[in-house]
J.: 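Could you have a look at this structure, given as structure tokens, before my questions?
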Amino acid sequence: MSKKPASVYLILNPNSGQQHAIFQWINRLFGWSKVNKRLTASQIINEIKGIFESQGIKFHHSLTEYPGHATQLAKLAIETQVDTIIAMGGDGTINEVINGMVGSDRRLGVIPYGTANVFGLSFDLPTKFRAACEKIINGETKIIDLGSINGHYFACMAGVGFDAYIIKKADKRLKKIIGALSYIILAMVEYFWYRFQPILFKVDGNQKGQKGYFLFICNTKYYGGKFVISEKTSPTDGKLDICVIKQRHLLATLRCSIQLALGELKESKDVAIIQCEKVHIRAFGRHRIHCDAEYVGHTPATVQIHSGALKIFC
């Protein structure tokens with residue numbers, strides 16, 4: 001049993017995961033978590049505050065107001081000397097909080113409140129407020145690795161190429177209406193217009209270059225929902241799992257998509273899964289990059305693992 005927090009700082013993104021109720025069935029199809037969106041931000045804060053204060057735990061909070069704000073708030077929380085920072089939002093909000101916490105000894109608690117909630121899936125975190133809070137109050141502390149691309153940290157996943165292009169292009173207004181379904185619709189349309197160019201990279205100290213047309217980088221086994229790249233992926237083994245799809249033709253893409261939908265990608269002449277500590281990606285193609293489904297730039301890039309970089313409640 002880990003030590004119960006003495007004080008917590010909640011960082012809440014009140015806009016995470018919003019979508020029209022008619023699209024809730026999509027959540028079940030793609031393994032996206034169903035969360036309670038009927039409460040206002042004030043109601044959420046009051047409910048969570050009551051849970052922690054009933055246990056004698058000091059409670060502080062802030063709401064995010066713009067992209068990148070959660071990182072600033074996490075740094076501010078560290079200065080206030082709280083011992084636990086709680087991120088409540090989607091994977092993007094959690095990612096921002098983590099980037100404000102790296103290098104500190106604070107523990108991260110998470111209340112999943114997005115659509116895909118890959119972090120919550122990866123660490124088996126409940127979406128109900130009270131259960132998630134109890135996990136923070138009574139749960140175990142786990143030390144996990146983080147990955148980084150060009151100095152931007154990620155906990156679960158990163159991508160180079162087409163998926164990052166879709167994340168950048170997705171209209172935020174459309175996403176607010178139909179949630180993560182907007183990514184799927186956009187991907188189906190843009191696939192036939194996207195100019196696929198090879199992603200050129202080198203792994204660890206190997207001077208032999210490799211290439212592919214899709215590049216998925218995993219620190220946990222889930223990618224974009226309940227899609228498993230590799231069951232072997234672990235956030236505590238000091239390694240990243242790199243999945244490379246070597247072909248760009250439609251048949252290979254469909255084959256890989258079906259495998260993901262059915263359970264797990266299989267290595268083949270079209271798919272390679274590589275465990276490594278560092279990847280250097282060349283500038284060629286100026287491919288887009290995302291970390292935990294947040295667009296962060298383009299190639300060239302250096303990707304690497306940071307062992308034992310974060311303490312979390314799980």
Side-chain angles (χ1 to χ4, degrees), residues 8-17 60-114 116-120 122-123 125 136 141-160 163-164 167-168 172 217-220 222-224 235-236 238 240 277-279 281 288-299 301-314:
V8 300
Y9 194 115
L10 173 70
I11 299 173
L12 167 64
N13 181 352
N15 297 314
S16 288
H60 313 268
H61 76 276
S62 289
L63 303 182
T64 63
E65 298 176 3
Y66 48 83
H69 194 198
T71 298
Q72 297 176 21
L73 292 173
K75 292 178 179 178
L76 176 64
I78 291 169
E79 292 177 0
T80 63
Q81 301 300 309
V82 298
D83 56 55
T84 298
I85 299 172
I86 301 172
M88 183 172 181
D91 291 312
T93 302
I94 297 165
N95 180 271
E96 288 188 12
V97 171
I98 287 171
N99 274 271
M101 291 179 63
V102 170
S104 77
D105 61 353
R106 304 304 192 274
R107 293 179 291 178
L108 173 69
V110 169
I111 303 174
Y113 194 60
N117 291 322
V118 176
F119 189 99
S122 299
F123 297 102
L125 302 179
I136 296 168
T141 299
K142 186 174 187 177
I143 300 176
I144 66 168
D145 306 331
L146 295 176
S148 71
I149 294 186
N150 291 348
H152 192 103
Y153 293 87
F154 62 91
C156 299
M157 58 184 180
V160 180
D163 60 335
I167 285 169
K168 185 177 189 299
K172 292 189 181 299
I217 304 161
C218 300
N219 190 42
T220 63
Y222 292 114
Y223 199 97
T236 60
L240 292 170
E277 296 178 9
K278 184 177 288 189
V279 183
I281 305 169
R288 272 69 169 192
I289 301 167
H290 80 83
C291 291
D292 289 333
E294 291 294 302
Y295 175 75
V296 295
H298 56 76
T299 56
T302 298
V303 189
Q304 58 187 327
I305 192 72
H306 302 268
S307 297
L310 184 69
K311 298 177 183 177
I312 67 169
F313 285 99
C314 63

J.: Hey, what do you get for NZ (Lys142) to CG (Leu108), rounding to the nearest 0.5 Å?
T.: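 Rounded to the nearest 0.5 Å, the NZ-CG separation comes to 13.5 Å.
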J.: Kindly say whether Asp83 contributes a backbone atom to a donor-acceptor pair with the side chain of Tyr9 at under 3.5 angstrom?
T.: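 The answer is no, because no donor-acceptor pair under 3.5 Å joins these two groups.
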J.: Main chain of Glu277, side chain of Gln304: is a donor-acceptor contact present, judged purely on distance under 3.5 Å?
T.: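 The answer is no, because no donor-acceptor pair under 3.5 Å joins these two groups.
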J.: Determine whether a donor-acceptor pair (N or O, by modelled atom type, separation under 3.5 Å) exists between the side chain of Arg106 and the backbone of Ile78.
T.: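 Present.
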J.: Look at the aromatic rings of Tyr66 and His69 and report parallel, tilted or perpendicular, splitting at 30° and 60°.
T.: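 Rings of Tyr66 and His69: parallel, as their planes differ by under 30°.
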J.: Looking at Tyr223 and Cys218, what are the two nearest heavy atoms and their distance?
T.: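 The pair with the smallest heavy-atom distance is CD1-SG, 3.8 Å.
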J.: Can you tell me how far CD of Gln72 sits from OG1 of Thr64, rounded to the nearest 0.5 angstrom?
T.: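 These two atoms lie 11.0 Å from each other.
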J.: Does His290 reach the main-chain N or O of Gly159 with its side chain, forming a donor-acceptor pair under 3.5 Å?
T.: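 Checking the backbone N and O of Gly159 against the side chain of His290, a donor-acceptor pair under 3.5 Å is found.
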J.: Could you check whether any side-chain N or O of Asp292 sits under 3.5 Å from a backbone N or O of Ala158, counting only pairs where one atom can act as donor and the other as acceptor?
T.: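 Judged by distance alone, no pair lies under 3.5 Å.
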J.: Given the rule in the side-chain hydrogen bond (donor to acceptor under 3.5 Å, both in side chains) test, do Asn95 and Asn99 qualify, once you have shown the distances and angles that lead to the verdict?
T.: CA-CA 6 Å; Asn95 180 271; Asn99 274 271; 3.2 Å; yes
J.: Using only atom types and a distance under 3.5 Å, with no angle test, would you say the side chain of Asn219 pairs donor to acceptor with the backbone of Pro235?
T.: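 It does not hold such a pair.
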J.: Please give me the minimum heavy-atom distance between Phe119 and Ile98, naming the atom from each residue.
T.: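 Closest heavy-atom pair between Phe119 and Ile98: CE1-CD1, 4.3 Å.
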J.: Under the 3.5 angstrom rule, does the side chain of Asp145 hit a backbone N or O of Gly238 as a donor-acceptor pair?
T.: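 Yes: the side chain of Asp145 pairs with the backbone of Gly238.
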